[in-house]
Amino acid sequence: MKNKYTKLQLLSSAPVSQSLLAMGLPICLGMLINAFYNLADAYFVSGLGKSQLGAISVVFPLSQVVVSLGLMFGSGAASCLPRLLGAGNLQEANRTASTALYGSLLAGAAIISLFLLSLRPVLHWLGATPTIMPYALPYAKIYLAASIFNIFNVTMNNIAASEGAAKTTMSALLLSATLNIILDPFFIYQLGFGISGAAIATAISQMFSSLIYFAYIIRGKSVFSFSVQYFSLNKAILTAILGIGLPTMFFQLLTSLSISLINQAAQPFGDAAIAALGAVSRITAMETLLVFGFLKGFQPLAGFSYGAANLPRLKLCIKTALRWSNIFCLAVGLLTVLLAEPIIAQFASNADGNLEITSIGTKALQASGISFIFFGFYTLYSSLLLALGKAKAGMLLGACRQGICFIPIIWLLPKFGQLNGLIYAQPLADIMAAIITLPTATWLHKQINRIEKNSLNN
């Protein structure tokens, strides 16, 4: 399949199953490797102790806030760009891509500076206990300072994926992840930098990933031109980017908020609970990233088909993607339930309080595995709504899992169920989000069928 179809042919005319595989599979593999390096941080840091493992759990939602800026500009542009290409408007596509890239870097530099100036109170709010704070501060300082590279990477990841350059995104993620896994033990243990070494390894890895995307731009491999001259504050361009980008950023911020609320709720149960639930968050993030990676390949295909008014292709694309994502989530969810204890044990074997971490983490991961069975269903439809430019509906649906459903549950359930209430809060919110998706999916299919019928009648 390597040279059989061009990027535009994958979007417009190649068989749907082959297009989904060609565009989604490389991103899935890249994201899988990328998720491994998040797990690598947790695995290698766990050998330093439960407070150090708790520290990276506390900083994790802060890193997601910074990344959300790249997602806001990158995913916002990625939603528009396939439709612009489908309509043959390359000039507007160049302006949109350039505005997204340079806008994300400017906004990212401003937010990173604000966080660094108020780091201690921010970490305290995120759930850092007095025993975790001494480790969270140095890790966060280095991690945040280097996050400007990650913002660039996330923005370019989305833009490159939108034009079908899935192999480029996979290469960038693969290089970054491989370096991080190699450098983590070297900086943490061989050089004796401790938890700061994990942050340094991540920073270097992200810089090399940025070089991949920089070369992609400089060598003219992209369909788009990323010239400063194309950067524009034009209202129409910003509205197009932010119309989808803001909801996506909102989803990411909800993810960060949900992890923060879990850390806060876990404080009364000690550093072991924070460490265990932090490890579970990273494991489930690996599973969800695989689905998101596949849907990154699905979104431009759906958006292009919708922009080109090729509704039969759009419907086939939805049907195929839904079947594949549901089968995957069912299989992974069941495996997670069965293998929860040995998986969690890998992150607790070297840490003090390992039996407590394993006990809490196993129960939480099993509950997460059950609810993951429904993840592909509701995530596909929230992604589809955004790909079709239906920002409000996509935003509402996407906000269910870690916002509308989760926030009241995490506030109430631990008060009645104590630690068990905390463990089952997110899985319960996941199931509620799947139930809410059913009528939304029905409504969307009726809309597509009506548009198709009107098009045939005309």
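For F231, the CZ atom counts as densely surrounded, since its 6.0 Å shell holds more than 12 non-hydrogen atoms of other residues, nucleotides or ligands.
Taking T336 as the reference, E287, V332, L365 meet the side chain to side chain contact (heavy atoms under 4.5 Å, CB included) condition, with sequence neighbours excluded. Applying the side chain to side chain contact (heavy atoms under 4.5 Å, CB included) criterion to A100, with sequence neighbours excluded, gives F73, A77, I159, I241. Partners of I370 by side chain to side chain contact (heavy atoms under 4.5 Å, CB included), not counting sequence neighbours, listed by chain and number: V337. Listed by chain and number, the residues in a side chain to side chain contact (heavy atoms under 4.5 Å, CB included) with S258 are Q402, F406, Q426 (sequence neighbours excluded). For R95, the salt bridge (charged side-chain N to carboxylate O under 4.0 Å, His left out) partners are E92, not counting sequence neighbours.
Among pairs with a residue in residues 103-124, those fulfilling side chain to side chain donor-acceptor pair (under 3.5 Å) read S104-T155, at least two apart in sequence or across chains.
Residues T131 and T129 bring a donor and an acceptor atom of their side chains to less than 3.5 Å of each other. Looking at N158 and S75, their side chains never bring a donor and an acceptor atom within 3.5 Å of each other. No donor-acceptor contact under 3.5 angstrom links the side chains of S305 and N310, judged on distance only.
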For this session: Please test V154 against I151 for side chain to side chain contact (heavy atoms under 4.5 Å, CB included), starting from the C-alpha separation and ending with a verdict.
Result: CA-CA 5 Å; V154 172; I151 290 173; 6.0 Å; no

For this session: Apply the test side chain to side chain contact (heavy atoms under 4.5 Å, CB included) to residues L81 and F224: give CA-CA distance (whole Å), side-chain angles for both, the deciding distance (0.1 Å), then the verdict.
Result: CA-CA 10 Å; L81 292 172; F224 312 113; 3.8 Å; yes

For this session: Under the side chain to side chain contact (heavy atoms under 4.5 Å, CB included) rule, what do F60 and I259 come out as? Steps first, then yes or no, please.
Result: CA-CA 8 Å; F60 187 57; I259 298 173; 3.5 Å; yes

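Y139 has its ring centre no less than 6.0 Å from the ring centre of Y135. Taking the ring centroids of F226 and Y213, they lie at or beyond the 6.0 Å cut-off.
Among F292, F328, F294, the one residue that satisfies the ring pair (Phe, Tyr, Trp, His ring centres under 6.0 Å) test with F375 is F292.
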